[in-house]
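Scroll down for the structure; my scribbles are underneath it.
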There are 2 protein chains.
Amino acid sequence: MARSPLTRTAILDAAAEMVQQHGVQGLTMRGLAAELGTAVTSIYWHVGNRESLLDALVERTLQEMGAIRPGGRTPTDRIVSVARGLRHELRARPHLIAMVHERGLTDQMFLPAQRALVREVHAAGLRGARAAQAVRAVQFQIVGFVLVERNRERAPIQSPAEGELWDTGDHDPAEDPALVRALARPPDPERLFTLSVRALVRSLLAT
Amino acid sequence: MARSPLTRTAILDAAAEMVQQHGVQGLTMRGLAAELGTAVTSIYWHVGNRESLLDALVERTLQEMGAIRPGGRTPTDRIVSVARGLRHELRARPHLIAMVHERGLTDQMFLPAQRALVREVHAAGLRGARAAQAVRAVQFQIVGFVLVERNRERAPIQSPAEGELWDTGDHDPAEDPALVRALARPPDPERLFTLSVRALVRSLLAT
DNA sequence: ACCTGAACACCGTTCAAGT
DNA sequence: ACCTGAACACCGTTCAAGT
């Protein structure tokens, strides 16, 4: 369906589309060629082999991950705001982000955010190694949460429902029906995320 | 090289070995057959296709993830101890655990740990939905941290060293050489992990 | 400089056939 | 019940050849 001459950018566009729709494994060189209406071998001329095509995709994704604009009055609020913004950006292109993670380039992707976090932690009065640790703790938590969230979404129905574990209330029963009910319900990720980040930050910024 | 008759267990053992050594993609049906000294098709007779072989591997990994024995005097200490134990178990078989994650079965794998966490959170005086949230926050943090850690290990050297970002101290300089130095150094994961979990738990258990 | 088809070495999987 | 080789439809990649 492609009439214009084949170009590196066109290839990357089509490849990114395929990855976002069917995952990395859904991107085959032959399928990509078909999508572009060219011979497979033409792709090799423009972008090299599959691996370097994926590398290019990752690089583009890194550049697209824009700057972060924190909102809120207190450092804590601004850190939470950075975290939430980041989570949304990451979740907007899950498959491409997964490729960034797999290549271990998460840190690089997080540099703008890290800068913002350093600013806020500094504003809150932390200095030196202590400040660095706080920044890293928050950073790990944000990325980690999104990764866990993604994994969970792949198997929406957990085989033994989380709730049924607690009806064997024999040994040291947590006879707390509200707790059991809460654990049986699927979590609200957005809420849990905000709550977690806020809890962690509150503790890290405390003297 | 296998002389004994082909058995399902033998296949799973060899497959697990190949996965742990070369990752999931390193497990090919033909390679596995060669390793076992049989025809590829024999494997299909015993375990079905590749996908159900991987499923079986995941199931076995789930069962192997043993119970957790928390240590320490305070609930906080015991939660941290559970977290550390879990991290070690997860890191002992990274590739197999990755498969569990990919299938979204992390929750199921975490059931024994979740039970322990509920106990401690309850002991600390939390009840109902509040307790459930605390448990989940800790759970997400543990798994998330390990996932991030694994990703990081795949690209030991980050292209633009984290430190060099801060020498452009023009706009709002964090003129904090100790902080810059700390961020330039690679983090100590074990330390960062304990610190993070402890910080989060302290905040969650606070009234 | 750009594009092509043919060919190679790999996959997972199926099937009819052996014992 | 268990194992086999041949065959199929897919891969990524290379290469010599076209324009």
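Labels below follow one simple rule: chain letters A, B, ... track the order of the sequence lines, proteins then strands, and each chain is numbered from 1. Values in this document were obtained by computation on a predicted structure and should not be read as measured data.
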Requested in this report: Starting at atom OH of B/Tyr44, determine the distance to atom P of D/dG5, rounded to an integer number of angstrom.
Outcome: 15 Å
Report summary line: Separation of C/dT14 atom P from B/Arg30 atom CZ, nearest Å, is 13 Å
Requested in this report: Would you please confirm or rule out a distance under 4.0 Å between OP1 or OP2 of D/dG12 and any side-chain N or O of A/Asn49?
Outcome: no
Requested in this report: Give the nucleotide from the list C/dC3, D/dA7, C/dT4 with an atom nearest to the side chain of A/Thr38.
Outcome: C/dT4
Query raised in the report: Quick check: does any side chain N or O of B/Ser42 sit under 3.5 Å from a backbone N or O of B/Thr38, one acting as donor and the other as acceptor?
Result: no
Query raised in the report: Counting any heavy atom closer than 4.0 Å, what does A/Thr28 reach on the DNA or RNA strands: base, sugar-phosphate only, or nothing?
Result: sugar-phosphate
**Report entry** A/Arg84-A/Thr194 side chain donor-acceptor pair, cut-off 3.5 Å
**Finding:** yes
Query raised in the report: So, is the end of the A/Arg87 side chain (NZ or CZ) under 6.0 Å from the ring centre of A/Phe145 and within 45° of the ring's axis?
Result: no
Report summary line: Closest of C/dT13, C/dA7, C/dC3 to the A/Leu6 side chain is C/dC3
Query raised in the report: Of all the choices, D/dT13, C/dG12, C/dC3, which nucleotide is nearest to the side chain of A/Ser42 once you look at every atom?
Result: C/dC3
Query raised in the report: Between the base of D/dG5 and the side chain of B/Thr41, is there any donor-acceptor pair under 3.5 Å?
Result: yes
Query raised in the report: Does a salt bridge link B/Arg30 with B/Glu35, judged by any charged N lying under 4.0 Å from a carboxylate O?
Result: no
Query raised in the report: D/dC11 C1' sits how many Å from A/Leu27 CG, rounded?
Result: 12 Å
Query - Base-pairing assignment for D/dT4 (Watson-Crick or G-U wobble, both under 3.5 Å) - result: C/dA16
**Report entry** Side-chain donor-acceptor pair present, A/Asp55, A/Ser52, cut-off under 3.5 Å
**Finding:** no
**Report entry** Rounded distance in Å - CE (A/Met29) to P (C/dC3)
**Finding:** 14 Å
**Report entry** Length of the line joining A/Glu51:CD and D/dG12:P, which is rounded to integer Å
**Finding:** 12 Å
Requested in this report: Return the value, rounded to whole Å, for the distance between atom CH2 of A/Trp45 and atom C1' of D/dC15.
Outcome: 16 Å
**Report entry** Presence of B/His46 side-chain N/O under 4.0 Å of D/dC3 phosphate oxygens OP1/OP2
**Finding:** yes
Query - Rounded interatomic separation in angstrom, taking CD from B/Gln25 and C1' from D/dC11 - result: 14 Å
Report task. Select base, sugar-phosphate, or nothing to describe what A/Ile43 touches, counting heavy atoms under 4.0 Å on all strands. Result -> nothing
